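First up is the structure itself, then whatever we jot down about it.
Just so you know, ligand 1 is whichever comes first in the structure, and atom 1 is the first atom listed for that ligand. Model, not experiment: these values are computed from the prediction.
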Amino acid sequence: MSKNNLLSRLDSEMFEAVWQIGRQADQKNLRAYVVGGVVRDLLLRKQKVFDVDVVIEGDVIDFARELAVFFKAESVLHPEFRTATLFFKDGMTIDLVGARSEKYDRPGALPHVAPGTIGEDLFRRDFTINSVAIQINRAKFGAVVDFFGGTEDLKNKVIRVMHAKSFVDDPTRIIRAIRFEQRFGFSIEEETLKLLKQAVRQDAPSTVSRPRYFSQFQLMLTEANPFNNITRLQEFKAYDFLTRVNLEKVHVLQRHLTADKKLRCTNEQRMMLYLLAMADKVPLSGLSAHLDKFQLTKEERALFNKLDTLDHIEGQLKNSKLPTSHAYSLLKPLEETLIWYLYYRTNKISIRRHIEDHLAETRDIRLLINGDDVKMLGCKAGTKVNTVLQSVLYRKLDGEINGRKQELAFAEEILGGLK
Ligand code: ATP
């Protein structure tokens, strides 16, 4: 195969799967294409391509079922959306979708979807750079299908919508435009920029459900530079939530996260860290109405209420000589995400050391005695038992006692003092 074939840039397992999907499609007389972000990334010669989306002109559900058998892969089918996902044994996944056309009955609403051709499917997409396909049927394996000038726009590094109503139909594309602009260092093409600003002036974002707009926004927080993304969104006044957030804290967090070469927390956690930074030192009364509409879990929502306690904890942890038991008592009540926030909010070595020790070791230290042992020593009341156990644990954390015998002896000593 020619080196010029873009698909040869896929890694070998992915390439093999795509090739086989093409062959299977041939047998069923279906046209099949790789589309969207993967094609854009292949054209941009990105090193690693993770997600592959395949569009099928025809019955995708039947086809996906047969592919699952052929590959011995798991499949999840959504006949109502004409989409399917194949989960391969080695962890790779491929999304399949039936080519479709989309019509928006109302700005901001979800589109009305109908089966369509590859041309219609590419036309429904957000930007020309995401509207290029590569056919994978054998006879045309690797042929680039570019109806809307996507390859040219990629060369010229511009982001261009497919048509004038694009941002009004789906205002989440405002966020997507900025995200791609920032990620690739592209510019938003002049007419597209006008349309974007016009859509904001018409208050198009308010036509989208809050959770949908927010989940597009959350994706920005997984990018390399959320600060620039947020600043740009603010500049366009495209998200009312951002009028009150703490950009300075976002900047500090990003600096510290970027400086840390170790990947210490998950993408999900990083997203939450940025949300916490945005809300840090901002009166919650102004933000609550927004946060309540974001469909955060109850646990995630509760984290914001604890932000106020961090100054005090930070103040104490600054002391590098602080006993381990004291650091434990401060950190133990905090959820792990808040602890990470505390870690990256500061770059003070002493604070970070306490946190690293806590997460790596201290929080998991357990006693060798339990409540029954304390009761055997003559302590009856439940609350008292817990107080005794806590005191023994703290002494153990500080390295003053070691082993079951010393734990028991110390528990007895405390009980003596309590009587
Ligand atoms: P990323 O690298 O961030 O995953 P992506 O382009 O793969 O970028 P996805 O959100 O996975 O983004 O979407 C896959 C494809 O679906 C896009 O490339 C685009 O063609 C299309 N798409 C996604 N969201 C929209 C939208 N709101 N409107 C139109 N097309 C969209």
> Which atoms of ligand 1 sit under 4.0 Å from any heavy atom of G36?
Replying inline: 18 (O)
> Which residue supplies the protein heavy atom nearest to atom 3 (O) of ligand 1, what is that atom called, and how far is it?
Replying inline: R183 NH2, 2.6 Å
>> For a quick check under 3.5 Å, do R345 and H256 share a side-chain donor-acceptor pair by atom type?
In response: no
>> Which option wins on minimum heavy-atom distance to atom 20 (O) of ligand 1: R173, R125, E102, K46?
In response: R125
>> Can you confirm whether or not the ring centre of F241 sits under 6.0 Å from the ring centre of Y213?
In response: no
> Closest non-hydrogen protein atom to atom 8 (O) of ligand 1, residue and atom name please, with distance?
Replying inline: R40 NH2, 3.5 Å
>> Which residue is it: V34, V60, V97, L96? I am looking for the one with a side-chain contact (heavy atoms from CB on, under 4.5 Å) to V55.
In response: V97
> Are the side chain of N156 and the backbone of V158 linked by a donor-acceptor contact shorter than 3.5 Å?
Replying inline: no
> Would N225 and Q254 satisfy side-chain hydrogen bond (donor to acceptor under 3.5 Å, both in side chains), going step by step from the backbone distance to the final call?
Replying inline: CA-CA 7 Å; N225 195 330; Q254 181 172 310; 2.7 Å; yes
> Would F214 and Q218 count as a side chain to side chain contact (heavy atoms under 4.5 Å, CB included) if you check the C-alpha gap in whole Å, the side-chain angles of each, and the deciding distance to 0.1 Å?
Replying inline: CA-CA 6 Å; F214 177 64; Q218 269 185 308; 3.5 Å; yes
>> Below a 4.0 angstrom heavy-atom separation, can you tell me which part of D170, side chain or backbone, both or neither, approaches ligand 1?
In response: side chain
>> Check the orientation of F148 and F123. Use parallel for under 30°, tilted for 30 to 60°, and perpendicular for over 60°.
In response: tilted
> What atoms in ligand 1 come closer than 4.0 Å to a heavy atom of F180?
Replying inline: 6 (O), 8 (O)
>> For atom 22 (N) of ligand 1, what's the nearest protein heavy-atom neighbour? Residue, atom name and distance, please.
In response: R176 NH2, 3.8 Å
>> Among all the protein's non-hydrogen atoms, which is closest to atom 4 (O) of ligand 1, and how far away is it?
In response: D51 OD2, 4.7 Å
>> I need the contact type for R179 against ligand 1. Using non-hydrogen atoms and a strict under-4.0 Å cut-off, is it side chain, backbone, both or neither?
In response: side chain
>> What I want to check is whether the side chains of R173 and S166 have a donor and an acceptor closer together than 3.5 Å.
In response: yes
>> Can you tell me which portion of T172 lies within the under-4.0 Å heavy-atom range of ligand 1? Options are side chain, backbone, both, or neither.
In response: side chain
> Counting only heavy atoms, which portion of F123 has something under 4.0 Å from ligand 1: side chain, backbone, both, or neither?
Replying inline: neither
>> For ligand 1 and E223, I'd like to know whether there is a polar contact (N/O to N/O, distance under 3.5 Å).
In response: no
> For the ring pair F186 and F180, is the centre-to-centre distance below 6.0 Å?
Replying inline: no
> Looking only at protein heavy atoms, which one is nearest to atom 14 (C) of ligand 1, and how far off is it?
Replying inline: D53 OD2, 3.8 Å
> Any idea which protein heavy atom is nearest atom 18 (O) of ligand 1, and the distance to it?
Replying inline: G37 N, 3.1 Å
> Heavy-atom distance from atom 11 (O) of ligand 1 to the protein below 4.0 Å?
Replying inline: no
> In terms of ring plane angle, is the pair F141 and W19 parallel, tilted or perpendicular, where the classes change at 30° and 60°?
Replying inline: perpendicular
> Which protein heavy atom lies closest to atom 29 (C) of ligand 1, and at what distance to 0.1 Å?
Replying inline: D126 N, 3.1 Å
